[in-house]
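Heavy atoms only: backbone and side chains are in, while hydrogens, waters and symmetry mates are out. By convention in this document, chain letters (A, B, ...) are assigned in the order of the sequence lines, proteins followed by strands, and residues within each chain are numbered from 1. Predicted, not measured: the structure shown is a model, and the values here were computed from it.
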Amino acid sequence: MTAKARTRFAPSPTGELHIGGVRTAIFSWLLARHTGGEFYIRIEDTDRERYVPGATRRILEAFDWLGIDLDGGPDHDELRAMPSNEDYPGALDDGEYKGIPGPFVQSQRLPLYKQWAEWLVAHGYAYRAAETPEELSRMRAEAQARGQTFVFREEMRLRTDVRPDEPHVIRMRVLPRDGQTEFDDLIRGHLTFDNAQVDDQVLLKMDGFPTYHLAVVVDDHLQGVTHVLRGDDWLPSAPKHVLLYRYFGWPEPRWAHLPNVLGTDGKKLSKRHGAQSVFEFRDQGYLPEALINFLALLGWAPGGGDEQNVFTRDELIAKFSIERVGSSPATFDYNKLDWLNGVHIRRLSDADLAERLIPFLERAGICIDSPARRELLLKIAPHIKERLKKLTDAAPLVDFFFADISTPPMDALIGPKMDRQSSLEALRATYRLVESFEPFEDAPLEQAMRALCAELQLKPTQLFTIVRNAVTGKPVTPPLFATMAILGRETCLTRLARAISCLQSPGE
RNA sequence: GCCCCCAUCGUCUAGUGGUCCAGGACGCGGCCCUUUCAAGGCCGAAACACGGGUUCGAGUCCCGUUGGGGGCACCA
């Protein structure tokens, strides 16, 4: 086993946890767990404009649901206890989790960023500047017009006499100006960037908040992060971070820029691609097990002749390796997710399945609000298990167990290649059988019904189709005899009787 | 516009110079099983973007083209 890795997932509280972000989190978590290291969450809320109240709590809830365990981060319980949408009641987790120093929310670490930004200024790696947004966008437009990438440089400052006590920003100095910055990426290999293309990035904003660039570097170092995993949209600014580590004289973490996840249209996954929030997947009936399995496979494969596709979370942890993550972008495929979800549903115990089904059934108007109904659901579970792709598929398969049915239309009660009269006789014969047959159980019932088929000179399909429609009100159901046994003799008789009178009514 | 990244079946991928007329999985088609629907089993169609090199030999290495993606903020 390799050395322990400490990784973090660093979302900004600007909305729901996006599925692409979840994949990054999963890879980071897998790496940490595989090596016996730590995985934690740090909230990057340095942009006050985009901050969304309640987002932090939602992010944490998403991790709870996914079953991704954390070794640090904002306190779940404290957040949960809060009545409002407010995220930070006050001091929060400024303690330490498993040796990782908090706080885990950047807005509570402001003095740190200020201190290190000043350190950079004092050591000649950064300088003060005070150009207005308008001035900057003009400079940018000019560069664009010249066909160049806009790169801010110290000598472009409009005011060179910025004092520490007046409003200003602190920008990093990219050095050497005409050199190159090189580093190794676990996924891309050796990378080289021309410093001439790298901006003298703002590190400390005028409002005293750091930008991402300063904050990640300071926090990752202070919190002992060994591997930085993030989307490859960060690649172009990676040299800035590498440079910062070198200015500070801090040991560099290992870099791993993950390829993006694309929607079916080949574009980066976004709002328009159906579900994007973890909660949407949850509400659509996906299992966290399946989602994690699927997302891990999006970019990672065990390799070495191992062709396993279905993984439990422990198997994933055992086999995962960051080096085996591919470098090309992957397309999100709902077909495969659906299949995997079905596989994981089939692996659930009956009790577990029943439990997870409850909220979905209730949403469909089937209330599982008594011990008897729970018991009933538990009995049904094994018979629908292999018929589900998503938890939302269950309701139409089980509704007739929980509520009365409306009598099916007459043509549904007439068997294939049969007429009304023969169907009527078949139903009557079935009624008589059901009335007295013992034991009223799955296998014996099937045996008896098959014997009845022979007696009536009907094919199983003919008889069973009519009975299915009569007893359940629908053409597609779980296996008939298990269904009848669970429904119980009385219910079957009632529904059979109704079907019989339905067939009778027009004529007799 | 400038910079960066990527490129094997429709999709996720295996493949690290010869064992690849390219393997697995999803999806798709067919068959079997079968009381419906599923699940399961078997079979099948389906890919190395293109062009140059290097090499005895290239999916595998190099260059270019094309295509796709991303970045160019006092956003992350």
Phosphate-side-chain proximity, A:Arg140 and B:rC72, N/O vs OP1/OP2 below 4.0 Å: no

At under 4.0 Å between heavy atoms, what does A:Arg230 touch on the DNA or RNA strands: base, sugar-phosphate, or nothing? nothing

Rounded to whole Å, the CD1-P distance (A:Ile187 to B:rC5) equals 14 Å

Between the base of B:rC37 and the side chain of A:Arg387, is there any donor-acceptor pair under 3.5 Å? yes

The Watson-Crick or G-U wobble partner of B:rA39, with both key distances under 3.5 Å, is none

Distance check needed: B:rA38 C1' versus A:Lys390 NZ, whole Å only. 16 Å

Base, sugar-phosphate, or nothing for A:Gly342, non-hydrogen atoms under 4.0 angstrom? nothing

Assign A:Phe481 to base, sugar-phosphate, or nothing according to its heavy-atom contacts below 4.0 angstrom with the strands shown. base

Sugar-phosphate, base or nothing in reach of A:Gln144, heavy atoms under 4.0 Å: base

How is A:Phe150 classified with respect to the nucleic acid when contacts are heavy atoms under 4.0 Å: base, sugar-phosphate, or nothing? sugar-phosphate

Please determine, for B:rU19, whether a Watson-Crick or G-U wobble partner exists with both distances under 3.5 Å, and give it or none. none

Nearest whole Å is fine: how far is B:rC4 P from A:Gln180 CD? 10 Å

How is A:Glu131 classified with respect to the nucleic acid when contacts are heavy atoms under 4.0 Å: base, sugar-phosphate, or nothing? base

B:rG10: pairing nucleotide in any strand, Watson-Crick or G-U under 3.5 angstrom: B:rC26

If I take atom CG in residue A:Leu348 and atom P in nucleotide B:rA39, what distance separates them, rounded to the nearest angstrom? 17 Å

Distance, C1' atom - from B:rG51 to B:rC43, rounded to whole angstrom: 39 Å

Considering only the P atoms, how many Å lie between B:rU16 and B:rG59, rounded to the nearest integer? 14 Å

B:rC12 phosphate, OP1 or OP2, under 4.0 Å from A:Thr331 side-chain N/O: yes

Counting only side-chain N and O atoms of A:Ser327, is one of them less than 4.0 Å from OP1 or OP2 of B:rC5? no

Mind checking A:Gly299 for me? I need base, sugar-phosphate or nothing, with any heavy atom below 4.0 Å counting as a touch. sugar-phosphate

When you check the phosphate oxygens OP1 and OP2 of B:rC74, does a side-chain N or O of A:Arg171 lie under 4.0 Å from one of them? yes

Nearest heavy-atom approach of A:Trp300 to A:Lys319 is CZ2-O, 3.4 Å

Regarding A:Pro479, tell me which of base, sugar-phosphate or nothing describes its non-hydrogen contacts under 4.0 Å with the strands shown. base

Assess the pair A:His241 and A:Tyr212: is the distance between their ring centroids shorter than 6.0 Å? yes

Pair assignment for B:rC72, Watson-Crick or G-U wobble, requiring both distances under 3.5 Å: B:rG1

Among the nucleotides B:rU13, B:rG24, B:rG27, whichever has the atom closest to the side chain of A:Lys389 is B:rG27

Donor-acceptor pair, distance only, cut-off 3.5 Å: does the side chain of A:Arg109 make one with the backbone of A:Pro103? yes

State whether the side chain of A:Glu441 and the backbone N or O of A:Ala443 hold a donor-acceptor pair below 3.5 Å, judged by distance alone. no

A:Trp339 has its side chain closest, among B:rC6, B:rG27, B:rA76, to B:rG27

Classify the ring geometry between A:Trp255 and A:His257 as parallel (under 30°), tilted (30 to 60°) or perpendicular (over 60°). parallel

C1' gap between B:rG24 and B:rC9, integer Å: 12 Å

Strictly below 4.0 Å: does A:Lys205 bring a side-chain N or O up to OP1 or OP2 of B:rA76? yes

Looking only at non-hydrogen atoms, find the nearest pair between A:Val174 and A:Val198 and report the distance. CG2-O, 3.7 Å

If I take atom CZ in residue A:Phe311 and atom C1' in nucleotide B:rA25, what distance separates them, rounded to the nearest angstrom? 11 Å

Quick one: label A:Leu136 by what it contacts on the DNA or RNA (base, sugar-phosphate, nothing), any heavy atom closer than 4.0 Å. base

Proximal nucleotide (of B:rC37, B:rG69, B:rG70) relative to the A:Asp233 side chain: B:rG70

Assign A:Thr14 to base, sugar-phosphate, or nothing according to its heavy-atom contacts below 4.0 angstrom with the strands shown. nothing

In terms of the nearest nucleotide of RNA chain B, which residue is placed more toward the 5' end: A:Ser328 or A:Asp333? A:Ser328

Using the benzene-type ring in the case of Trp, are the ring centres of A:Phe27 and A:Phe320 under 6.0 Å apart? yes

Less than 4.0 angstrom between a side-chain N/O of A:Arg48 and OP1 or OP2 of B:rC74, yes or no? no

When you compare B:rA39 with B:rC33, how far apart are their C1' atoms, in angstrom units rounded to a whole number? 11 Å

Compare the minimum distances between each of B:rC12, B:rA14, B:rC6 and the side chain of A:Ala301, then state the nucleotide with the smallest one. B:rA14

Whole-angstrom distance between B:rU34 and B:rC21, as gauged at atom P: 41 Å

Hunt down the Watson-Crick or G-U wobble partner of B:rA58, both distances under 3.5 Å, from any strand shown, or write none. none

Once you apply the 3.5 Å cut-off to both distances, tell me the Watson-Crick or G-U wobble partner of B:rC50, or none. B:rG64

Touch check for A:Thr477, heavy atoms < 4.0 angstrom, all strands: base, sugar-phosphate only, or nothing? base

Looking only at atom C1', what distance separates B:rC6 and B:rA46, rounded to whole Å? 23 Å

Heavy atoms only, 4.0 Å cut-off, all strands: where does A:Pro210 land among base, sugar-phosphate and nothing? sugar-phosphate

Pairwise P distance, B:rC48 and B:rA22 [rounded to whole Å]: 10 Å

Examine the base of B:rC3 for any acceptor or donor lying under 3.5 Å from a partner atom in the side chain of A:Thr149, and report the outcome as yes or no. no

Return the value, rounded to whole Å, for the distance between atom CZ of A:Arg324 and atom P of B:rA14. 6 Å

A:Phe481 and A:Phe464 aromatic ring geometry - parallel, tilted or perpendicular at 30°/60° bounds: perpendicular

Which nucleotide sits closest to the side chain of A:Thr211: B:rA76, B:rU36, B:rA39? B:rA76

Does the ring centre of A:Tyr247 sit less than 6.0 Å away from the ring centre of A:Tyr245? no

Expressed as a whole number of angstroms, how long is the span from A:Phe193:CZ to B:rC2:P? 18 Å

Protein-nucleotide distance (A:Trp300, atom CH2; B:rA14, atom C1'), rounded to Å: 12 Å

May I ask you to say what A:Leu235 touches in the nucleic acid, namely base, sugar-phosphate or nothing, with a heavy-atom cut-off under 4.0 Å? sugar-phosphate

With A:Arg42 as the cation and A:Phe9 as the aromatic partner, state whether NZ or CZ is under 6.0 Å from the six-membered ring centre and within 45° of the axis. no

Which part of the nucleic acid does A:Arg146 contact within heavy-atom distance under 4.0 Å: base, sugar-phosphate only, or nothing? nothing

With rounding to whole Å, what would you report as the distance between B:rU8 and B:rG1 at their P atoms? 25 Å

Mapping A:Asp207 and A:Asn309 onto RNA chain B by nearest heavy atom, which one lands closer to the 5' end? A:Asn309

